[in-house]
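Working notes, structure below.
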There are 2 protein chains.
Amino acid sequence: MGLAKTEMFTDLQNEIALYAKVFGHPARVSILQHLFKIDTCVCGDLVNEIGLAQPTISQHLKELKNLGLIQGTVEGTSVCYCIHKENWTQMKEVMLKFLDQDLPKSDCC
Amino acid sequence: MGLAKTEMFTDLQNEIALYAKVFGHPARVSILQHLFKIDTCVCGDLVNEIGLAQPTISQHLKELKNLGLIQGTVEGTSVCYCIHKENWTQMKEVMLKFLDQDLPKSDCC
DNA sequence: GATATTAATCGTAATATTGCAATGTACTTA
DNA sequence: TAAGTACATTGCAATATTACGATTAATATC
């Protein structure tokens, strides 16, 4: 089917999955790492940095923007993208809580 | 195309993306949360806990197992699944390093 | 206004993912 | 050995994702 049955899961489970999904492609990981490395960034840089075509990068940027993890402001003919600090921190809290659960002490298997 | 061009990214970027991808579905998030909550677990429990059909759960479990995040040992007719502590810790380190990068101090946009 | 530059959007092809019915496999118990 | 239980695998339909050429939109420069 290709369609996840989101309605049978909790909001938190869906939220975690949405964040994880956007990190589930190396191009988006690469974009984010690049945005962390240099404070300011235009899309053209990313197209050169990463090997993908301009529409592809633009599409990945859109997904990151839709989740609020990055923001872009128009600057002349180019667009300046950067990490959305507040939303990133909020996402981080959610993901850390999921990743950092206490491991069971007993060896079960 | 649907095919990620993994060869143009670093091993780390691909590793992060692979981990993230497996967390990118609420059913797998739910399975993991359940495995954290109770130390020991058989698949049947999960089918009841989550609303999906048995083959679907089995498939999700397989993906988690392929990445090494869970382990399953046969116990009579049922299978006991649980978190693979060592691999989970290792994955956590990789993901934390990615999520916990220093946010740029200057406001760029 | 005409042209160049930059990035978004559209359309489409190729591939991946999700979900489940049907079936297979392995073990247990009568 | 037959029947039951628990899970894995197969096969398939529906949908999603990825990538990019072509085009469009917006701004800048001549």
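The sequence lines fix the lettering, A, B, ..., with proteins before strands; numbering per chain opens at 1.
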Check your understanding: If two hydrophobic side chains count as joined below 4.5 Å and joins carry through other members, does A:Phe23 share a cluster with B:Met8?
Key ->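 In one cluster: yes.
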**Study point:** Common cluster, A:Val42/A:Ile50, ILVMFWY with side-chain heavy-atom separation under 4.5 Å
**Key:**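 No, it is not one cluster - the side chains of A:Val42 and A:Ile50 are not joined through contacts under 4.5 Å.
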Practice item. Check whether any side-chain N or O of B:His60 sits under 4.0 Å from OP1 or OP2 of C:dT17, and answer yes or no. Key: no
Review point. Has the side chain of B:Asp100 got a donor or acceptor atom that lies under 3.5 Å from a matching backbone atom of B:Leu96?
Key: no
Review point. Is a side-chain donor or acceptor of B:Gln13 paired with a backbone partner of B:Thr10 at a separation under 3.5 angstrom?
Key: yes
Check your understanding: Can you list the residues that meet the ring-ring contact (aromatic ring centres under 6.0 Å, His included) rule with B:Phe9, with sequence neighbours excluded?
Key -> none
Rounding to an integer number of Å, can you tell me how far [X] [atom1] sits from [N] [atom2]?
{"X": "A:Leu64", "N": "D:dT17", "atom1": "CG", "atom2": "P", "result": "14 Å"}
{"X": "A:Glu75", "N": "D:dA26", "atom1": "CD", "atom2": "P", "result": "18 Å"}
{"X": "A:Ile50", "N": "C:dA7", "atom1": "CD1", "atom2": "P", "result": "13 Å"}
{"X": "A:Glu63", "N": "D:dA19", "atom1": "CD", "atom2": "P", "result": "10 Å"}

Point to revise | Interatomic distance, B:Lys97 atom NZ to B:Leu12 atom CG [nearest 0.5 angstrom] | key: 8.0 Å
Check your understanding: When the nearest nucleotide of DNA chain C is assigned to B:Ala4 and to B:Leu52 on a heavy-atom basis, which residue is associated with the more 5' position?
Key -> B:Ala4
Practice item. Return yes when atom CG of A:Asn48 has more than 12 non-hydrogen atoms of other residues, nucleotides or ligands closer than 6.0 Å, and no otherwise. Key: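 Atom CG in A:Asn48 is crowded, with more than 12 foreign heavy atoms closer than 6.0 Å.
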Exercise for review: Can you check each nucleotide of nucleotides 4-11 of chain D against protein heavy atoms at under 4.0 Å and return B for base, S for sugar-phosphate only, - for none, in 5' to 3' order?
Suggested key: -BSBBB--
Check your understanding: How are the rings of B:Trp88 and B:Phe36 set to each other: parallel, tilted or perpendicular (split at 30° and 60°)?
Key -> perpendicular
Check your understanding: What are the residues of residues 19-28 of chain A, sorted by number, that bring a heavy atom to within less than 4.0 Å of DNA chain D?
Key ->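 A:Lys21, A:His25, A:Arg28, in order of number.
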